[in-house]
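Please read the structure below before turning to the comments.
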Amino acid sequence: MKNLVLIFALLMTLACCTSEADRERMRALLDRADSMNRAYIPMTDGMDSLLLEATRFYDRHGDADQQVRAHYLLGCAYRDMGEAPAALQSYQDAIDRADTTAADCDYKQLCRVYAQMAQIFYEQGLYREQLESSRHSAMYAWKGKDTLAALMSYEQESQAYRNLNMPDSLLYICEHVAGLYRKYGYTRYASRSLGNTLRILIPRQEYDKVRNYMQIYESESGYFDSLGNIQKGREIYYRIKGLYFLRTNVLDSAEHYFRKELRDGKDFNNKNAGALGLAALYQSLHQPDSAAKYSLYAYAMNDSVYAHRATKDIERIQAMYNYQRFQLKAEKEERAVDRARIAIIFIILGFVLLSLLFLFLLRRYRHKKQAEILRLSTDYERAVSDYETACEENELLRQSGKDIIEYKTQEIASLQKLVSQYEQQWQEVTQQDKEEALMNSDLVCAFCDMAIGKLGTIVR
């Protein structure tokens with residue numbers, strides 16, 4: 001089992017390995033995309049395909065922060081291409097990959113993701129979703145200790161409240177965040193946030209506050225030149241200031257700013273607002289002809305505004321169409337990835353099965369060899385034991401044989417000595433002695449007695 005785990009880990013390592021050149025290329029791609037995004041350079045001309053490759057790379061080989069960054073920048077590319085739903089999906093993918101429990105979580109990056117989502121929701125008219133995203137953006141900015149980003153995200157909630165027709169909430173947010181901006185030293189941002197309160201305060205006739213906020217806005221926001229002209233694209237402020245003078249009965253100043261907006265404003269909204277302001281002014285001056293003139297002009301501009309809104313709606317529909325195209329493309333690519341993933345899985349499984357078979361045969365061969373070695377070892381030990389026993393017995397036999405031979409040799413020597421003595425004694429005995437000894441022997445005497453007995457019987 002341990003060998004199987006090691007083989008599987010090796011397979012996973014081989015499947016997931018990547019070269020340092022690939023990592024460096026992907027890092028350079030994300031750095032380039034990040035620089036373009038911060039410089040407001042549209043990421044078009046195939047950047048989405050490159051960033052899609054980067055997201056797949058980091059999903060396999062990157063940590064959580066790298067994955068978040070890759071998906072975030074892919075979402076920015078889709079945003080620049082006008083594919084808002086695709087961008088939202090990429091932002092959501094970035095959020096899903098964030099590890100907010102990690103001590104080194106990049107909260108600043110999460111703040112940017114939610115801020116971009118909030119902006120897209122605003123452009124798509126999804127104001128409650130915008131509000132929710134802005135709150136998340138502010139929360140993660142505070143966690144990332146990015147005070148300015150936190151305050152800007154907090155201020156962004158006022159846009160949602162304005163479009164949701166919740167003026168009290170808008171007013172509270174703007175005044176509260178202005179105080180926070182000043183607390184942390186962001187004076188310019190504080191004055192800009194106060195400018196968003198003027199549309200609420202004028203109808204409520206809080207003119208002292210309006211006058212104070214306008215003075216702060218014009219002197220500290222940085223939007224005005226030395227002649228009091230506001231930046232291009234912000235001419236709607238002239239209508240707000242004209243309404244203030246109209247409501248406070250400073251009619252010449254009101255006319256000046258309404259005409260300034262009508263002259264300097266280049267879009268339909270500004271021209272419509274300037275014409276409506278002049279119509280209201282001439283109506284208060286009891287000049288019906290002039291009032292009717294600018295009312296008709298405002299009506300014509302209103303048609304253009306509606307047409308412009310219709311164009312925006314068409315763009316939204318187009319974005320949905322683009323998103324469907326994106327979905328089809330993504331699904332196709334996902335199916336290709338799934339097929340490749342399945343092929344890789346089958347290859348890995350086949351390799352694992354072959355490895356298991358190889359391990360099984362190897363273990364079987366090892367068991368067979370171990371049994372044979374054990375048998376040979378037993379036979380060897382038995383042979384050694386028999387050899388040692390035989391050597392011991394041979395030594396005993398050799399020692400015993402030596403003793404017996406010595407004993408028999410000594411016995412033979414004794415007998416030979418005794419025989420020699422007898423032979424010597426026998427040689428010393430005379431022949432007569434031999435005969436006399438023979439006649440006196442018990443056997444001869446016995447034969448004599450028998451002979452005498454037989455003779456007596458015959459005589460009778």
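Everything quoted here is computed from the prediction, not taken from an experiment.
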Stepwise, does the salt bridge (Lys or Arg N to Asp or Glu O under 4.0 Å) test hold for K241 with E218? CA-CA 11 Å; K241 193 167 185 179; E218 292 178 11; 2.8 Å; yes
Over 12 non-hydrogen atoms of neighbours within 6.0 angstrom of CZ in R32: no
Taking the inter-plane angle between the rings of Y186 and Y181 on a 0 to 90° scale, is it parallel (under 30°), tilted (30 to 60°) or perpendicular (over 60°)? perpendicular
Residue of the set D106, D65, D59 for which salt bridge (Lys or Arg N to Asp or Glu O under 4.0 Å) holds with R97: D59
Between the side chains of S134 and Q156, does any donor sit under 3.5 Å from an acceptor? yes
Heavy-atom check, side chain of E123 versus side chain of R79, under 4.5 Å: no
With F258 via ring-ring contact (aromatic ring centres under 6.0 Å, His included) - residues at least two apart: none
Under 3.5 Å, is there a donor-acceptor pair linking the side chains of Y244 and R211? yes
Do E255 and Y282 have a side chain donor and acceptor closer than 3.5 Å? yes
Between C111 and D146, is any pair of side-chain heavy atoms under 4.5 Å apart? no
If we only count heavy atoms from C-beta on, is the R23 to F57 side-chain gap below 4.5 Å? yes
Looking at side-chain heavy atoms only, is the closest gap between D48 and M43 below 4.5 Å? no
Option passing side chain to side chain contact (heavy atoms under 4.5 Å, CB included) with M47 (candidates L74, D80, L73, L29): L29
Verify whether one side chain among N163 and Q159 offers a donor that lies under 3.5 Å from an acceptor in the other. no
Looking at side-chain heavy atoms only, is the closest gap between L151 and W142 below 4.5 Å? yes
Quick check: does any side chain N or O of Q66 sit under 3.5 Å from a backbone N or O of D63, one acting as donor and the other as acceptor? yes
A side-chain contact here means heavy atoms from C-beta on lying under 4.5 Å apart; do E175 and Y213 qualify? yes
Taking ring-ring contact (aromatic ring centres under 6.0 Å, His included) as the test, write out the residues that go with F121, two or more places apart. none
Are R69 and Y72 in a cation-pi contact, defined as NZ or CZ under 6.0 Å from the six-membered ring centre and within 45° of the axis? no
Report yes if some heavy atom in the side chain of S158 is under 4.5 Å from a heavy atom in the side chain of Y172; otherwise report no. no
Which class fits the ring pair F224 and Y237: parallel under 30°, tilted 30 to 60°, perpendicular over 60°? perpendicular
Can you tell me if CZ on R128 sees more than 12 non-hydrogen neighbours from other groups inside 6.0 Å? no
With sequence neighbours left out, which residue pairs that include part of residues 22-49 fulfil the ring-ring contact (aromatic ring centres under 6.0 Å, His included) condition? none
Parallel, tilted or perpendicular, as decided by the 30° and 60° cut-offs, for the rings of F245 and Y257: parallel
Within the 4.5 Å heavy-atom criterion, are R239 and L243 side-chain neighbours or not? yes
A quick test of your reading: do over 12 heavy atoms of other residues, nucleotides or ligands sit less than 6.0 Å from CD of Q283? no
Are E24 and R27 close enough, and set up right, to give a salt bridge (Lys or Arg N to Asp or Glu O under 4.0 Å), and what steps lead you there? CA-CA 5 Å; E24 183 60 33; R27 272 197 300 268; 2.7 Å; yes
